[in-house]
Amino acid sequence: MSEIPKAYEPQSVEDKWYDFWLKQNCFTADPARVSPKRPAYSIVIPPPNVTGMLTMGHVLNNTIQDILARKARMDGKEVLWLPGTDHAGIATQTVVEKTLKKAGEIKHRDDLGREKFLERVWAWKEKHGGIIIQQLKKLGASCDWTRERFTMDPEYSRCVQKVFVELYKKGLIYRGKRMVNWDPAAHTALSDEEVEMIEEKGHLWHIKYPFIDDQGKPKADEFVVVATTRPETMLGDEAVAVNPKDPRYTKLVGKKVLLPIQNKPIPIIADELVDPKFGTGCVKVTPSHDPADYEMAVRHKLPLTVVIGPDGRMTAVAGKDFERLDRMKARQLVIEKLTEQGLLVKIEDYVHNVGYSQRSHVPIEPYLSEQWFLKYPSVEKSRACVELGSAGASPAAVGAPADSSEDVANSSEPGKSGRLFAADEASAAAPGAGALPKMRFHPQRWAKVYDHWMGNIKDWCISRQLWWGHRIPVWRKVMKRNDPVMETIDLTVGHTIDKGGLVELSFAPKEGGVSYSRNEYKWIDDEHFELEIITDSPAEIKMLEDFGFTQDPDVLDTWFSSWLWPFATMGWTGDKSQDSNTPTLRAFYPTTDLVTGPDIIFFWVARMIMAGYEFMDDLPFHNVYFTGIIRDKQGRKMSKSLGNSPDPLDLIAKYGADALRFGTMRSAPLGQDILFDEQNVELGRNFCNKLWNACRFRQMMGSAPVSGASAGVPPAEIQGEIDPKLLTSDDKWILLKLDQAIRDITEAFAEYKFSDATATLYRFFWSEYCDWYVEASKAVLVKSVTELNMSNESGATPSNATHLTNRSFNDLTARKANTLAVIDFVLSHTLRLFHPFLPFITEELWHGMGYADDMPENQGGKTIMTAPWPKSLDDDFKGHYGLDDCYLDLAGAKYDLVTLGRNLRREFNIQANKKIKFVLKPAGNIPAHDVEVIKLLLNAEAVELDAGYAPPKGTPMVANSVGELYLPLAGLVDVAAEKARLTKEVAKCEAELEKVQSKLNNPNFAQKVPPNVLQEHQQRLAEWQAKLARAKAALAGLG
RNA sequence: GCGCGGUUAGCUCAGUUGGCAGAGCACUACCUCGACACGGUAGGGGUCACAAGUUCAAGUCUUGUACCGCGCACCA
């Protein structure tokens, strides 16, 4: 840092250090290094969409993860932050399909065919897949890139298949014809979680269904009225239902009405599901297009008439006029026709919720189709392991991702961690938790949401009618009874059952020895049956394909692969019995923390927990940190269509990655949504600049006392560097403030309160260090010898200046050196405290300031990344340097007097740059140094120390415990102005006194209040009384 | 309908076990004084949504109300 630019220039710094970290393998995790002394810390990235772009949401999320990872490294842990990407089935397929359509290459993906289309998706993935990873690197993410994973890597795919087969064998996966949520735009089934309920203003149409006479003709005056929000579905009605207990309709049950337009007689049935209080109490029943109606249809054995096809258009069954018509257009037409026929009784405005596909943003269609479902595994354990916010629960993290401040302060042991070497700690930390380890959510209120969902869990529709994804590992072939193939592969039929039923087969190739799979077959007719084989064995698959079996065309829900992320990325083989876990799994699973958005609590978090228990027999993470959602200044969600989402890369280019990180973290309190404002990033930039310049100032003050060696070394080794005898009250004050900051920040970490940590750092560094300490230090650093001598002769009383009496050049040098040592001590600690938040600038300064040179290679010598996290100052240290808490008050009172003096300047309109003289009448002994500091901070020409000062009438004065500070305005005294000022002051004092006194006067107060509070109030009373007395005296002096 | 957040300075938000209402931005005035104008100094600005209760004491605890946001479940 020989040439120091006036302003921090992040662009030149960031790439340099990121490359350095990569080259030095600073991010790689080695399970072999994990030991009781070096516990593991791990975190898996929520894999972003492989072809996605970095959003502000990613910035927030990954900054937090990076902060946790970097802090853990400084705590001496072996850190694995495992990165990767998700194939994101629907999203990616849709993007590629759209792009190809736009380019005019295809009208529909069928034009290319599955194989060719998939080639294009892979090509797209290759082209765009690296972008988001590069963007994360720009942000400073310290992921172990050697372990980057993709959910469609071959090994990962094998895990997915293995899991499918295993769950199938356990009977948890099954295939069935069900009413599912159908996305007519994407042409696929969706899970319940992928459906968004949106409130819409719609209508309730009341329709007459006439009874029929003996000739099958509609009766003109006898009818029932049904109400519906979806008139187009009436084309597929198969009944009208009433409640069996509804006296209005019981006698109608069994009769028939004529379904209008279709002119089809349909029965009136009775079913409990009908709410007699709603509408007319009569419900039209459309078995194929409404889940509730389907239920009734099954009970009453009604035909399943399909009038809306998978593309959202009406089918031929709907009738000639409707065929191929879009469902919304069909609705119009139905209304028209009913109106013509006089069957529309009324139209009511009606607000109701409509299910929308979260992906395609079109209304979903209940659709009857054959799909694969999963009964969730390990539900009980998964539900029980999450700590619900009960009383007495400690807010501290589980698995110790960050040590409590107590630990850091008083223990030299490396931080403890859950898992490998302290696996029982997590459970021990949860009193009465039984055998189950506990997981904690931050903020905890999400646990309730989770618990509620887990308690009402429904089977998961896992099949998707897409091409991009993990294909379902199921093969089928229609075969004849006595098919020769059966001979060849030596299928042994366990037992025979009736046609149409299912049977278990054991599948054993002739040579024998290959795995057992569970299979099914279905009779199609007397001669033919379809054999279905579920397997993940490559050998079996090969054989099946040779025999002409075809694989199920569907793919699995993306989340069916993501839910394995915490262990499938660590080399899981699925072979639990042989304990074949990889060293990575053994060292880093379960992971310590998960950082994610609450919007995927069901999609991902809950499912990972269940998969963890089911396949690893252990929870996947100890703590889950839920970020807020990033919104724009108006509180709207960030979205591409609104164009309100800034490109983080632009922000990094403009302000620097550190600025973006700091600004984001400062405005992101735990558990609250974040309103993004570029001003936050600007604040971060300004802060980096402040940090930069504070270090620049240090550099400009000359070389460090003893090659700067004092800086980074742990407190015990620093004793030769800072001379306790030479410490000023300012030095002691800032060291005590540093100590407090270390405690506060470490505590904030333990509670995942990153915005608190940044706020504390900001306040400490800017307000305390820069505004007070650095300015005060100039009294030593920028003084010439002569000036010092002069100020001493005029100011200090001899008795208080013992260490100044023999003032010599050497003395001044020693004092300067000591101040620099204190500065180095503070800065080297501060840089480390900042490093998790501001990785780039702190690394640059760490080296530039020479602090790296003084540290052992693996303790910060190579990089600040591995420098030890600052410990708060222990009692020995404080004792040795005389850091008594009284210095907080001593120096504090001095600064307070300065503020009062500045205030005075301001009130008497003395320009900021005008040097004037003050007179200080000290209340007691005051070191010359302190007088010098007061003079400097007041920007005064001089501060005359005069214990017997007799001010001319009307001389403005302020005072506190330090003494009385006068502003002699030689001949310019405006008695009236001072009178006005003091009168105001008196009024204020009296008002405050009134407040305190009324409390103290209350007899109950003295009796019931705790002693410390009482004392506080009495002290406050005394203070205001003193102030009042001074003001009154001054006022009286004016005459 | 059930549940969860939120309501504090013009804006965005902190506010620990109840004990003197805070920060950043914005605003006003002065200041380029040997780190920094991406800066310094000082200042103005609040009926803590409303109502009742508990308490010596309520932004903080209890109950209720209003409004904003979110989630879950829904009867056509």
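A note on names: the letters A, B, ... follow the listed sequences, proteins ahead of strands, and every chain is numbered from 1.
- No engagement by A/K915 is indicated, since no non-hydrogen atom pair under 4.0 Å with the nucleic acid exists.
- Within the nucleic acid shown, A/Y350 comes within 4.0 Å of sugar-phosphate atoms alone, with no base atom in reach, counting heavy atoms only.
- Across all strands, A/C688 comes closer than 4.0 Å to no nucleic acid atom at all (heavy-atom distances).
- At the heavy-atom level, A/D290 lies nowhere under 4.0 Å from the strands shown.
- Between the C1' atoms of B/rU47 and B/rU8, the separation comes to 12 Å (whole Å).
- Comparing A/Y8 and A/T228 by the nucleotide of RNA chain B that holds the closest heavy atom to each, the one mapping nearer the 5' end is A/Y8.
- Using a 4.0 Å heavy-atom criterion, one finds that A/S667 contacts no nucleic acid atom at all.
- To the nearest 0.5 Å, the span separating CZ on A/R327 from NE2 on A/H289 amounts to 11.0 Å.
- Nearest-nucleotide positions on RNA chain B for A/R445 and A/R685 put A/R445 closer to the 5' end.
- Rounded to whole Å, the separation between the P atoms of B/rG6 and B/rU62 comes to 12 Å.
- Counting any heavy atom pair closer than 4.0 Å across all strands shown, A/A694 reaches a base atom.
- Nucleotides B/rG24 and B/rG18, compared at atom P, are 28 Å apart to the nearest Å.
- At a threshold of 4.0 angstrom between heavy atoms, the contacts of A/W205 with the nucleic acid are absent.
- For A/E775 and B/rA35, a side-chain-to-base donor-acceptor distance below 3.5 Å is present, hydrogens and geometry of angles not being considered.
- With rounding to whole Å, A/D451 atom CG is found 15 Å from B/rG3 atom P.
- Looking at A/E775 and A/K778, a side-chain N of the basic residue comes within less than 4.0 Å of a carboxylate O on the acidic one, giving a salt bridge.
- With respect to the salt-bridge test (charged N to carboxylate O, under 4.0 angstrom), the residues A/K654 and A/E678 qualify.
- A salt bridge links A/R698 with A/D824: the distance from a Lys NZ or Arg NE/NH1/NH2 to an Asp or Glu carboxylate oxygen falls below 4.0 Å.
- Using a 4.0 Å cut-off between a side-chain N of Lys or Arg and a carboxylate O of Asp or Glu, A/E941 and A/K915 do not qualify as a salt bridge.
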